[in-house]
Amino acid sequence: VSTNSATLVPSPAPLLGRVARFGLPGVAPEVTERPLRDVAFDALVDEAVEQHLTGHLLAALGEGAFAADADQAARAEVAHIAALAGDLLLERLLVRTSRRFAGAGIEHRVLKGPAFAHTVYADPALRSFGDIDVLVRAEDYDDAIASLVACGGEVRYEEPRPRFTKRFGKGVCVVVDDLEIDVHRTFVAGPFGMTVDLEELFTGSVQLPLPGADLRALIPERQFLHACYHVALGSLTPRWVPMRDVAEMLLHRDGVDLEDVVSVAARWRAGIVVQRAVLCTWDAFDLPGTHPFQEWARRYRPTAFERRALAAYIAPNRSYATQAIAGLHAVRGVRAKCAYAGALLIPSREYARERGGYVGRLRRGVATARSMRARQ
Amino acid sequence: VRPHDADTDRTRWSQAPVVARRVHDGVLLLPIDGESDEPTLCFGTGAAIWDALAVPGSVDDVARRLSRTFAAPADEIAADVRRTVALLEAACTLHEHEGSPAAPSSPTDPAAEPA
């Protein structure tokens with residue numbers, strides 16, 4: 001067990017991985033055989049809360065796979081109920097947001113947390129989340145933001161240039177009643193966000209079993225692709241919950257069609273995203289046996305574009321800037337490339353002021369471009 | 001919380017639109033149209049009463065349904081049901097069911113029959 005030298009409390013990371021994979025088919029059920037010391041147990045619970053894993057922790061405790069005394073189990077349950085209370089507040093905001101969008105004629109799709117909780121997991125209490133994500137079409141993007149601002153929402157970030165996000169960006173975070181709504185135009189920032197066929201995401205839908213609004217999620221194959229984007233590109237080191245989403249879809253749920261996923265990923269120039277997500281999930285959870293997706297991932301040979309684009313997301317100096325510059329390769333058309341580069345290099349005065357002014361921004365941009373060229 | 005009276009007992013209740021999660025031996029509820037940011041947690045019989053109100057009914061109706069589950073006389077259970085209904089109503093998780101009020105005693109109520 002690795003230790004955190006500042007406090008000498010055992011790091012919860014290895015145990016948390018075993019909690020995260022608890023309940024997957026073919027995985028040994030035991031998490032711990034003997035109760036942890038209180039300080040270690042509480043550190044684990046804190047980390048489970050942070051990483052939205054309290055549902056799996058409670059499931060392991062409930063089935064006796066995680067040894068704990070009665071007080072520890074009670075503390076874990078309190079933490080889980082608090083996490084679920086947060087989920088419910090977010091879900092209520094989702095329903096209310098969906099009503100507003102529907103009232104304004106804005107078609108939308110629910111992404112990630114609540115969508116996965118209600119369509120992928122056997123019990124939504126197993127899949128907690130920290131915000132809500134809603135996808136809208138580019139032409140509805142401004143109206144969607146305006147609708148949220150009209151009910152007191154505050155847009156978290158400035159755009160480099162007016163209409164930049166609507167044309168090139170991932171989307172924006174809006175804070176409503178201290179809760180975050182990510183309004184998406186596409187899945188991710190940077191090159192892989194620009195190669196997604198956005199209209200295809202609105203073809204078909206799955207209804208969520210929530211009252212008060214007609215909430216729709218993506219069809220299973222597009223949900224799976226989004227989960228892969230989250231694992232492969234969402235953070236430098238893939239997080240447990242997105243990997244569990246991928247594992248749930250592959251191992252527990254029928255209906256993710258390999259041929260469809262591979263064909264769409266090829267069109268979206270994102271085969272490497274699926275490959276990385278599947279292989280990371282298999283390795284991190286140490287899943288037994290073979291699976292058609294895993295076999296495909298082991299054989300897949302990424303294109304040059306895919307390798308170069310992925311580097312912008314998983315390089316140690318990963319940043320929005322590196323992804324934005326790498327995105328230039330994915331922008332189609334000379335005029336669009338000029339508009340994209342111009343917005344990044346000569347952003348609006350407000351955007352530049354928030355980030356240290358024009359000169360500092362230009363210097364950082366040049367340095368980032370040089371370092372990326374050097375790696376290639 | 002509404003004080004107990006004969007009218008309360010004749011009122012038929014149904015679940016308001018809520019977002020919910022199951023927890024060990026209980027259910028966590030937050031009304032879609034309520035103002036409170038604090039979900040209501042119902043444990044044990046409270047959760048059973050909430051579940052029973054998936055089919056609209058009066059306090060007596062719910063007590064009769066649960067008397068089978070808990071193998072206890074309906075009039076003993078009615079006090080618990082009345083108290084829980086008052087709390088759930090105060091938390092905006094129940095509303096009065098539109099339609100005719102329940103008769104004081106309705107042994108033929110189809111909702112009282114198990115599915």
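Per chain, numbering begins at 1; letters A, B, ... match sequence-line order.
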- [ ] Go through L28(B), V23(B), V18(B) and name the one with the most non-hydrogen pairs under 4.5 angstrom from chain A.
- [x]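 Among L28(B), V23(B), V18(B), the one with the most close pairs to chain A is L28(B).
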
Task: Given L90(A), L210(A), L94(A), D87(A), the one that forms side chain to side chain contact (heavy atoms under 4.5 Å, CB included) with V19(B) - done: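 Of L90(A), L210(A), L94(A), D87(A), side chain to side chain contact (heavy atoms under 4.5 Å, CB included) with V19(B) is met by L210(A) alone.
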
Open item on the list: I'd like to know which of A85(A), G55(A), P124(A) tops the heavy-atom pair count under 4.5 Å against chain B.
Closed with: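 The option with the most such pairs is P124(A).
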
Could you look at [X] and say if it's the side chain, the backbone, both or neither that has a heavy atom under 4.5 Å from chain A?
X: L29(B); result: backbone
X: P39(B); result: side chain
X: T40(B); result: neither

Task: Residue R239(A) excluded, over 12 heavy atoms near CZ under 6.0 Å - done: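 No, the 6.0 Å shell around CZ holds no more than 12 heavy atoms from other groups.
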
- [ ] Report, as yes or no, whether the 6.0 Å neighbourhood of atom CG on D46(A) holds more than 12 heavy atoms from other residues, nucleotides or ligands.
- [x]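 Result for CG/D46(A): enclosed.
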
TODO: Please flag which part of L84(A) lies under 4.5 Å from any non-hydrogen atom of chain B: side chain, backbone, both or neither.
DONE: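 Both the backbone and the side chain of L84(A) come within 4.5 Å of chain B.
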
Open item on the list: Tell me the closest heavy-atom pair linking R99(A) and I32(B), and the distance in Å.
Closed with: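 Nearest heavy atoms, R99(A) then I32(B): NH2-CG2, 3.4 Å.
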
TODO: Verify, without hydrogens or angle tests, whether R21(B) (side chain) and I81(A) (backbone) share a donor-acceptor contact under 3.5 angstrom.
DONE: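 Flag not set: sc R21(B) to bb I81(A) has no pair under 3.5 Å.
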
Open item on the list: Checking the side chain of R92(A) only, and the main-chain atoms of D33(B) only, is there a donor and an acceptor separated by less than 3.5 Å?
Closed with: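 Judged by distance alone, no pair lies under 3.5 Å.
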
Spacing of [X] atom [atom1] and [Y] atom [atom2] [to the nearest 0.5 Å]:
X: L88(A); Y: D37(B); atom1: CG; atom2: CG; value: 11.5 Å
X: E91(A); Y: L30(B); atom1: CD; atom2: CG; value: 9.5 Å
X: E38(B); Y: L89(A); atom1: CD; atom2: CG; value: 9.5 Å

